[in-house]
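Throughout, numbering of the chain's residues begins at 1 and tracks the sequence. Please read all numbers here as calculations on a predicted model, not as lab measurements.
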Amino acid sequence: MLYSFFKHVLIGPWLRVLFRPWTEGMEVLPQKGGAILASNHLSFSDSFFLPLMARRRITFLAKAEYFTGKGIKGLVSKAFFAGVGQVPIDRSSGRASEAAINTGVRVLNGGGLLGIYPEGTRTADGRLYRGRVGVARMALEAAAPVIPVAMMATYETQPPGRIRPRLLRVGVRFGQPLDFRRYEGLEGDRFILRSITDEIMYSLMRLSGQEYVDMYATKAKAKRDRADAEANSA
């Protein structure tokens, strides 16, 4: 009920009026059954626009930071994500990651749409970064198709660190579903998981038009932070 209230009454109508979101390829979404929506992650607002435009409810594996932020923005974020039943993910340990994968598989086996950002965090510069293999494990363990989703112009609307969004038109582009059932039983093979993840990221690159960087976004951010620190101390 709260999900519908946010989408159709409290937030959705304003987003439609202010940002005039468009969609492409919506017809690929299954009307029922489990499926993974694997999206690029340009902005905090991605998790608003994707559920707004999709016909079915989406459950996201949202990073725990969205539930623990400070100040007004943190309170709004926590209220929104918790209120619509999103699942917080603690990325600080391997055991927590395993629990997150199990949770995602339960959502899929229950016939739900699972939203996930394979990069693991928002891009800091608008480029597409290397995906983490959790999405591949979920796809294999639940025998679920993966639908690549490209968020368009949300980086320009609200890049990381910007609180007040620019009023630009945004879009959601859905790609053709990817079927990995040919790898059934190989969810423990790291090479297979990496190959599947790379195929998903390649589809996202083509769909979004982003430049691809074969490096984890968290590592790239750490390198930039070190470079900035060295430059400031010079």
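Using the six-membered ring where Trp is involved, Phe44 and Phe48 have ring planes that are tilted, between 30° and 60° apart. Ring geometry for Tyr117 against His41 counts as parallel: the plane angle stays under 30°, on a 0 to 90° scale with 60° as the upper cut.
For Arg206, the CZ atom sits in a loose shell: 12 or fewer heavy atoms of surrounding residues, nucleotides or ligands are nearer than 6.0 Å. When the shell of 6.0 Å around CD1 of Ile163 is examined, it contains 12 or fewer heavy atoms from other residues, nucleotides or ligands. The environment of CZ in Arg55 is crowded: more than 12 heavy-atom neighbours from other residues, nucleotides or ligands sit within 6.0 Å.
Here Leu42 contributes atom CG and Thr154 contributes atom OG1; the two are 4.0 Å apart, rounded to the nearest 0.5 Å. Note: Arg169 CZ to Glu156 CD = 15.0 Å, rounded to the nearest 0.5 Å. Here the CG atom belonging to Leu108 is positioned 8.5 Å from the CG atom belonging to Leu113, to the nearest 0.5 angstrom. Put simply, CG on Leu207 and CZ on Arg173 are 6.0 Å apart, with the number rounded to the nearest 0.5 Å. Between atom CG of residue Leu186 and atom CG of residue Leu193 there is a gap of 9.0 Å, rounded to the nearest 0.5 Å. In this structure, the separation between OG1 on Thr123 and CG on Asn40 is 9.0 Å, given to the nearest 0.5 Å.
Between the Arg166 side chain and the Leu168 main chain, no donor and acceptor come within less than 3.5 Å of each other. The main-chain N or O of Asp198 is never found under 3.5 Å from a side-chain atom of Arg130 such that the two would form a donor-acceptor pair. Side-chain N or O atoms of Tyr155 include one that pairs as donor or acceptor with a backbone N or O of Ala124 at under 3.5 Å.
If you chain together hydrophobic residues whose side chains sit under 4.5 Å apart, Ile192 and Val146 fall into the same group.
A salt bridge is defined here as a Lys NZ or Arg NE, NH1 or NH2 lying under 4.0 Å from an Asp or Glu carboxylate O, and Asp46 with Arg122 fails to meet this definition. Look at Lys219 and Glu119 and you find no salt bridge, because none of the NZ, NE, NH1 or NH2 atoms lies under 4.0 Å from a carboxylate O. Using a 4.0 Å cut-off between charged nitrogen and carboxylate oxygen, Arg137 and Glu187 do not count as a salt-bridge pair.
With hydrogens and angles left out, the side-chain atoms of Thr59 and Arg106 include no donor and acceptor closer than 3.5 Å.
For the salt bridge (Lys or Arg N to Asp or Glu O under 4.0 Å) test with Asp125, the passing option among Lys221, Arg224, Lys223 is Arg224; the others fail.
Scanning both residues, Val105 and Ala142, for their nearest heavy atoms gives CG1-CB, 4.3 Å. When every heavy atom of Gly134 is checked against every heavy atom of Ile101, the shortest pair comes out as CA-CD1, 4.2 Å.
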- [ ] Could you go through the salt bridge (charged side-chain N to carboxylate O under 4.0 Å, His left out) check for Arg182 and Glu199 one step at a time?
- [x] CA-CA 14 Å; Arg182 62 189 182 276; Glu199 183 175 340; 3.3 Å; yes
- [ ] Start with the C-alpha gap between Ile116 and Leu37, add the side-chain angles, then the distance that decides, and say whether side-chain contact (heavy atoms from CB on, under 4.5 Å) holds.
- [x] CA-CA 6 Å; Ile116 187 170; Leu37 301 183; over 6 Å; no
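The distance between the ring centers of Tyr212 and Tyr129 does not fall below 6.0 angstrom.
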